[in-house]
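See structure below.
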Amino acid sequence: MTAADESVLITTERSGLPAERGWWRKAVVYQIYPRSFADSNGDGMGDIRGIIEHLDHIEKLGVDVVWLSPVYRSPQDDNGYDISDYQDIDPMFGSLADLDELIAGLHARGIRLVMDLVVNHTSDEHPWFEASRSSKDDPKRDWYVWRPARPGTVPGEPGAEPNNWGSIFSGPAWEYDERTGEYYLHLFTRKQPDLNWENPQVRRAVHDMMRWWVARGVDGFRMDVINFISKVDGLPDGEVHDGALFGNGFPFFAGGPRLDEFLAEINREVFGDDEEAVRFLTVGEMPGSTVEQAQLYTDPARREVDMIFQFEHMEVDEGPGGKFDPRPIHLPELKRSLARWQDGLAENGWNSLYWSNHDRPRAVSRFGDDSEEYREVSAKALGTVLHLMRGTPYVYQGEELGMTNTVLERIEDFRDVESLNYFREATEVRGQDPAEVLPALGYAGRDNSRTPVQWDDSSNAGFTVGEPWIAVTPNYRMINAAAQVDDPASVFSHYRELVRLRHELPIVSDGTLTMHLLDDEQVFAYSRALGDEGLLVLANLSGRPARVDASALGWTEGEVVLTNLPDGVPSLGAEVALRPWEAVAWRRRHA
Ligand code: TEU
């Protein structure tokens with residue numbers, strides 16, 4: 001495709017939405033996990049027409065961007081994060097025509113579409129990989145990471161893998177391929193072989209594909225584990241931690257030596273010159289990234305990405321054994337982590353803000369209290385704390401309704417490859433008692449956030465007229481959109497108000513942020529300032545009454561701009577009494 005063709009194409013379906021530099025600072029992003037959003041044809045799987053049928057819901061929430069998790073052709077080994085054709089839609093989700101209609105429908109409502117870019121790996125059923133594994137001499141052999149067995153070993157035997165890295169989804173990170181007698185690298189499942197980004201042909205193919213989507217009207221990309229694309233030369237063995245079955249390859253594939261170069265190349269090759277590039281949104285999913293790395297990745301002058309998803313606050317309840325070794329959340333630790341990122345990107349760069357996504361449990365169940373007594377008020381408190389911070393907020397589908405974790409007690413309840421692989425390895429290889437493993441999977445498993453969105457109290461919560469691919473969370477009769485969208489006291493209305501405040505109060509999008517009371521075990525407190533204006537947020541993130549001396553923070557008066565317990569809002573001063581999960585934001589005209 002020549003630059004000329006490309007420039008002609010680009011004008012095909014521009015959103016035509018205003019794109020001043022940094023527009024995404026005032027934006028709120030809504031993440032859709034298509035498999036679980038809405039099913040339009042009764043096959044029990046969500047699809048693109050199901051999203052089109054619910055555009056009013058998204059528009060009513062007031063969000064500015066939809067991030068659409070993968071809908072590309074895929075054997076669905078990892079629910080679409082294993083792509084076999086980047087430029088086609090999987091029939092279970094619909095067609096390219098459906099997606100064009102979705103793009104047009106969103107743009108007509110002033111909403112942009114960000115696609116999921118999964119290019120650290122492809123599916124093993126992608127023609128690129130099928131060619132690559134066909135023979136050592138195939139021109140695409142070097143499009144993936146192939147290596148011979150470890151010297152002195154019998155290829156195919158345990159321990160013969162080229163290095164000792166473990167896959168993130170359990171087992172070794174290498175798969176032996178009988179046909180050519182070599183191993184290929186897969187940091188996730190064996191059906192997700194890693195692409196070799198050292199190969200310029202691979203990079204060009206990805207740039208072409210991304211330009212193709214831009215020409216179709218896409219407004220940006222969420223880039224899946226994009227900080228894994230540059231691996232350290234020699235792929236050295238990783239340290240084997242106590243009790244670990246494999247070496248930790250993370251230091252050798254996360255934030256690799258050529259990552260900045262590859263990110264800048266994508267930006268340049270796909271989004272063109274600076275004037276052009278500002279209209280797009282790019283967010284890099286970057287597990288394990290530090291504040292210092294993020295300062296570089298999100299520095300506008302370097303034109304790499306606009307923001308990243310960092311994971312520090314996602315690991316505050318992870319024990320030494322990782323995600324499935326849960327420990328209680330200690331609020332000061334969570335606050336210190338978020339404070340570090342707020343301070344670190346205050347001058348330059350930009351934060352994303354999120355409590356959950358399709359890889360994490362539901363926010364209200366994890367960070368709030370999903371009991372009947374406190375579910376709504378704590379869901380609203382979490383919304384207030386996150387959305388009034390400095391950064392771009394992300395709402396994961398159902399979070400605006402206060403949806404909770406589901407019931408995951410028997411292995412049959414699970415669908416997610418990460419949990420199923422972990423269970424198999426824990427019980428069959430480590431010999432752990434299933435009764436010991438299942439509660440941890442039930443607590444942290446990704447299926448918690450992948451149950452169908454609860455649209456109403458009809459069967460299957462109005463998600464499908466068929467048999468849903470995963471059970472609907474049992475509390476759907478109480479928690480659903482139909483019961484909330486017109487109820488001013490609902491979680492939905494609270495989230496709608498949060499979006500409005502970011503749109504209308506410059507202090508929310510542009511103000512500086514100062515965290516307070518970092519050691520307080522109950523209260524999350526911070527203030528914002530912009531010019532002569534100030535905003536104070538006090539949230540009691542506990543089930544017990546809490547007290548704050550706001551005068552010590554310099555606040556003795558202010559106008560209430562938001563609360564989640566309308567009656568009896570506490571007055572500012574030396575003794576601010578906050579009820580369980582009460583969250584209030586005050587504003588004043590002098591910072
Ligand atoms: O997730 C990467 C990632 O960090 C997660 O796998 C996370 O480490 C894991 O869930 C923690 O338990 C991205 C996608 O968001 C995820 O859905 C995919 O499974 C994964 O990449 C592979 O594409």
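If you're wondering where the values come from, they're calculated on a predicted model, not measured in any experiment. For ligands, and for the atoms within them, numbers begin at 1 and follow the listed sequence.
- Within the listing of ligand 1, atoms 4 (O) sit less than 4.0 angstrom from a heavy atom of Phe311.
- The only member of Tyr183, Phe250, Phe253, Phe188 that meets ring pair (Phe, Tyr, Trp, His ring centres under 6.0 Å) when paired with Trp165 is Phe253.
- The contact set between ligand 1 and Pro287, taken as ligand atoms under 4.0 Å from a residue heavy atom, comprises 4 (O).
- Salt-bridge annotation for Asp116 and Arg222: present, with a side-chain N of the basic residue lying under 4.0 Å from a carboxylate O of the acidic one.
- Under the 4.0 Å criterion applied to side-chain N and carboxylate O atoms, Asp447 and Arg450 are not assigned as salt-bridge partners.
- Residue-ligand proximity, His358 to ligand 1, at heavy-atom distances under 4.0 Å covers atoms 14 (C), 15 (O), 16 (C), 17 (O).
- Interface of Arg446 with ligand 1, defined as ligand atoms under 4.0 Å from a residue heavy atom, comprises 10 (O), 16 (C), 17 (O), 18 (C), 19 (O).
- Atom numbering of ligand 1 starts at 1 in the shown order; those under 4.0 Å from a heavy atom of His121 are 22 (C), 23 (O).
- Using a 4.0 Å cut-off between charged nitrogen and carboxylate oxygen, Arg133 and Asp177 count as a salt-bridge pair.
- For Asp233, the CG atom sits in a loose shell: 12 or fewer heavy atoms of surrounding residues, nucleotides or ligands are nearer than 6.0 Å.
- Across all their heavy atoms, Asp124 and Glu130 have their closest contact at O-CG, 3.8 Å.
- Between Arg141 and Asp138 there is no salt bridge, since no side-chain nitrogen of the basic residue lies less than 4.0 Å from a carboxylate oxygen of the acidic one.
- Counting only non-hydrogen atoms, the option in Asp224, Val225, Ile226, Val417 that gets closest to atom 13 (C) of ligand 1 is Asp224.
- Of all protein heavy atoms, the one closest to atom 18 (C) of ligand 1 is Asp78 OD2, 3.3 Å.
- Distances from atom 20 (C) of ligand 1 to the heavy atoms of Phe188, Tyr422, Tyr33, Phe309 put Phe188 nearest.
- Within the structure, the closest approach of Glu318 to ligand 1 does not fall below 4.0 Å when heavy atoms are considered.
- Using a 4.0 Å cut-off between a side-chain N of Lys or Arg and a carboxylate O of Asp or Glu, Asp78 and Arg446 qualify as a salt bridge.
- For atom 15 (O) of ligand 1, the closest non-hydrogen atom of the protein is Asp359 OD2, 2.4 Å.
- With a heavy-atom cut-off of 4.0 Å, Arg360 touches ligand 1 through its side chain alone.
- When heavy-atom distances to ligand 1 are checked against a 4.0 Å cut-off, Met314 has no atom that comes that close, whether in backbone or side chain.
- Scanning all protein heavy atoms for the shortest distance to atom 9 (C) of ligand 1 gives Glu418 OE2, 3.5 Å.
- Backbone and side-chain nitrogen or oxygen atoms of Glu285 are examined, and one is located within less than 3.5 angstrom of a nitrogen or oxygen of ligand 1.
- For Arg190, the CZ atom sits in a loose shell: 12 or fewer heavy atoms of surrounding residues, nucleotides or ligands are nearer than 6.0 Å.
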